[in-house]
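Reminder, nothing fancy here: chain letters follow the sequence lines and each chain counts from 1.
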Amino acid sequence: MAINLSQFHQTFFEESLEGLQTMETGLLNLGRGEDLEQINTIFRAAHSIKGGSGTFGFTQISSFTHEIETLLDEMRNGHRHTTPEAVDLLLRSVDCLREMLGAVKAGAPSEPERARLLTRELQIMLDSAAGVADQAKAVTAAPSGPEGWRILLRPMPHLLRTGNDPVRLFRLLAELGQLDAHLDDSGVPPFAEMDPEECYLRWELTLRGDVARERVQEIFEWMDGDCELDISPLPGKQDEPAIAPAQESTLPGSGSQVLENPQALPVDRRSGTDRRQPPASDSASIRVRIDKIDALINMVGELVITQAMLSQLGEGFDMGRMEKLRDGLDQLERNTHELQESIMRIRMLPISFAFNRFPRLVHDLSQKLGKKVSLRLSGEQTELDKTVMEKISDPLVHLVRNALDHGIESPHDRVAAGKPETGVLHLNAYHHSGNIVVEVSDDGAGIQKVRLLEKARRQGLAAADEDLTDDKILELIFLPGITTAQEISDVSGRGVGMDVVRRNIRELGGNIEIRSVEGQGTTITIRLPLTLAILDGQLVRIGRENCIIPLTSICESLQVEAQNVSAIAGQVEIYTLRGSHIPIIRLAGVFGLNGNQPDLTNSLLVVVEADGQRVGLVVDELLGQQQVVIKSLETNFKRVEGVSGATILGDGTVALIVDIAGVIALSRRSMERGRESERAGSAVPIGERA
Amino acid sequence: MASVLAVDDSTSMRNMVSFTLKSAGYEVVEAACGQEALQIAQTRKVDLVLTDINMPNMDGLSLIKALRALPTYRFTPILTLTTESAADMKQRGKAAGATGWIVKPFNPEQLLAVMKKVIG
């Protein structure tokens, strides 16, 4: 009969997840000192979640939140100090709530084991304050228990005349748990004396289930004064072992015994945090700021005007109006371009969405590692594509973990090294020429290059006699199987290496760089395209095929001058450009196309950069520059090495998009097949690592 | 479906109550003051009366007393809408014969939850 509440569910979930975020942020701030306003904020968030979940029928969530709220309320009233233990417990409860919400959202409400354990922990913590007061308080301080309540209801004779009907209330009680009603009709007088408008009946009710006393009381609220009501915990409830430690709660051991359980489940706990975004529903919707939509509507208006102008021009067109037509078409192009940009902007979200999880992660991890770390975030408002954001999140987590585990030293070591005890981890994001740059930097120990090189050599990842520059040594860290950690720790030994991080970032069309100064810290810079859907491209012709080279990777294009080309060992062609040596890659050869004159004189060379390496790509013709919409080759055909995707050009033909890094790898392999010896020294910056 | 008489001098409040109840399937009759409500009650029976306390012409408390005097309304649930959670007004309502109360402000969900307690 009720309003279909499910129409509000989505809002409730969004609201609650935001609430949890607020709670988490607040709790983390609390760790830095007691602040009443902060506690109030956390309390309000918890309160709303409790209210909402209760309203929408997610009773498990609401009763669990109730415990959290009670604890927060005591903190708010000053009845309890904000201890690190309490904050930690609350943080874990937030995690658990998130998991429960996720489950409900996925349509599979469940009460995880974790929730039960945490409920007990919360109750024990709540009782520990009551332990100071009298013992009777300790029992009532447990607002709920798994057992249930015995309810004695003796209505006054006039009850029915108030409009209250006990049977309706029993129906509500039955929704809370398993209800057994026992009717006592001994008060009913002989028929002749009976007043049909009076109530002579009494009930003894047993309600089994995890129900808070307040909820039972609430149901009988209106009958106050019209009945005698006695609500008592079911026999045996006081003997419930979880409540028992209340009396001895001053002993620190009493709580920790139970505390061990959840800590024995670290896997569960972590998966809860990582699982926080159920993928399906998360990608389903996006929040867009109104001003972006307004801009879009504005743009469409312009487009309509241009269209009207053009169609007017079309009526009775003669060559004399050619100039006007051209203007109109220019305007149309501008409009389309702007419209495209505005639409792309809808997909943009501030990177704070990805950064938000880090305060918590850093908090937990630094505690676990016994390090002192302060996290600095900047540029959180920098926007990037939602898809890119989702994909960059895991690599970022890995980098942050690395920085905490390997980078920042223990407080003792830091002091010994003459640094402040607390390390600084800085996450920064900003836009730089069509890219978004994300930096993860720490002021830790930095990477010991000697050790890294030694290790690489021992593992055969670098040649023993090779003289590598510092940059090259640092790049070794991206090789699979390498680690600078002495031993694999729980934190970093998660199976995701820097090689995977780099691969993920390259898949996004970005690149990653590392800078590190021993003793001073490490900075990792990730450069990503703003969006995955559109690319500024240079259209080139190779043989009879059209290809797109991403404009962002192009340094310059030039006409080959013969004297600058030199072949090394008859295999590798090198172009000398202003003193530096650039390997030449013949795209036609790599892709197996006809084209590219054997003689490079007067050919066109497009100098591109990928992974910090420059190469020259030989093309047959430079066509226009244009923005192209990327179509996935993988979805429509299959993955092809050296090609990152395809696009459809204005005339309907398909052009492949060149994957620079892939092409370099391809040509390197074919080169190595051709030559076994005679390394060309420093002039060949590629080819050393396959 | 159960019928509800919603009595409130505030149009917006009455609209909100009425809309919520109607979308939950209840039949709703509206009245802007106690007098109007009493006239309606004299001509037809509703399953529940929902009334504000402070109203022109005839206030909520008087309405409740008058309703309880009607044979058809002796056992009908009557709920008051009290602005503040002051126990005083709740008790005065009860003393006049009200079944229970709803504390303002309330949201549609709360309203419907309370409905369950008395009808349905």
Side-chain angles (χ1 to χ4, degrees), chain A residues 1-9 11-12 15-16 47-59 62 153 155-176 195-199 214-227 229, chain B residues 1-2 4-5 16-17 19-27 46-51 64-65 67-80 82 85 87 90-103 105-120:
Chain A
M1 66 129 211
I3 272 189
N4 178 17
L5 287 175
S6 62
Q7 61 180 311
F8 307 117
H9 282 183
T11 321
F12 165 71
E15 194 175 84
S16 300
H47 186 74
S48 314
I49 294 173
K50 181 179 119 171
S53 53
T55 307
F56 295 116
F58 307 129
T59 40
S62 70
L153 178 67
M156 307 269 179
H158 70 266
L159 175 80
L160 297 177
R161 258 169 277 160
T162 65
N164 275 306
D165 182 350
V167 177
R168 285 218 174 79
L169 303 185
F170 297 165
R171 228 180 276 157
L172 287 177
L173 276 177
E175 284 174 17
L176 297 179
D195 179 347
E197 291 184 4
E198 306 257 281
C199 180
E214 294 83 73
R215 297 205 58 190
V216 179
Q217 275 168 340
E218 199 185 320
I219 286 184
F220 292 101
E221 192 185 15
W222 293 341
M223 286 163 65
D224 186 28
D226 301 324
C227 68
L229 183 67
Chain B
M1 199 58 202
V4 180
L5 174 58
M16 181 271 203
V17 167
F19 177 79
T20 306
L21 294 179
K22 276 179 183 161
S23 41
Y26 294 97
E27 182 200 342
V46 295
D47 299 313
L48 168 74
V49 180
L50 210 56
T51 178
I64 295 169
K65 283 180 197 149
L67 284 174
R68 286 286 181 231
L70 295 174
T72 41
Y73 281 85
R74 292 188 65 183
F75 302 106
T76 307
I78 303 175
L79 302 182
T80 56
T82 55
S85 54
K90 292 175 186 169
Q91 291 317 320
R92 282 177 65 189
K94 280 207 66 165
T99 308
W101 56 85
I102 305 174
V103 178
F106 56 88
N107 60 36
E109 290 75 28
Q110 285 165 333
L111 175 62
L112 291 174
V114 169
M115 287 291 117
K116 270 177 119 179
K117 257 171 122 167
V118 282
I119 49 174

Quiz item: Given a strict heavy-atom distance threshold of 4.5 Å, which part of B:L79 is in contact with chain A: side chain, backbone, both, or neither?
Solution: side chain
Quiz prompt | Closest non-hydrogen atom pair, B:V114 against A:W222 | solution = CG1-CH2, 3.2 Å
Quiz item: Taking all atoms of both residues into account, what is the closest heavy-atom pair of B:F75 and A:L160, and its distance?
Solution: CD2-O, 3.3 Å
Quiz item: What pairs with B:E27 under salt bridge (charged side-chain N to carboxylate O under 4.0 Å, His left out), at least two apart in sequence or on another chain?
Solution: B:R44
Self-check item: Region of A:D165 in contact with chain B, defined by heavy-atom distances below 4.5 Å
Solution: neither
Practice problem: Working to the nearest 0.5 Å, report the span between CE of A:M223 and NZ of B:K117. | Solution: 10.0 Å
Quiz prompt | side-chain contact (heavy atoms from CB on, under 4.5 Å) assessment of B:R74 paired with A:R161 | solution = CA-CA 6 Å; B:R74 292 188 65 183; A:R161 258 169 277 160; 3.9 Å; yes
Quiz item: Heavy atoms, side chains only, cut-off 4.5 Å: are A:E221 and B:W101 in contact?
Solution: yes
Exercise. Sequence neighbours left out, what passes salt bridge (charged side-chain N to carboxylate O under 4.0 Å, His left out) with B:K94? Give chain and number order.
Key: A:D226
Quiz item: Any sub-3.5 Å donor-acceptor pair from B:R68's side-chain atoms to A:T162's backbone N or O?
Solution: yes
Practice problem: Kindly give the heavy-atom pair with the smallest separation between B:K116 and A:L172, and that separation in Å. | Solution: CB-CD2, 4.0 Å
Practice problem: Taking all heavy atoms of A:G163 and all of B:P77, pick out the closest pair and write down the distance. | Solution: O-CG, 3.8 Å
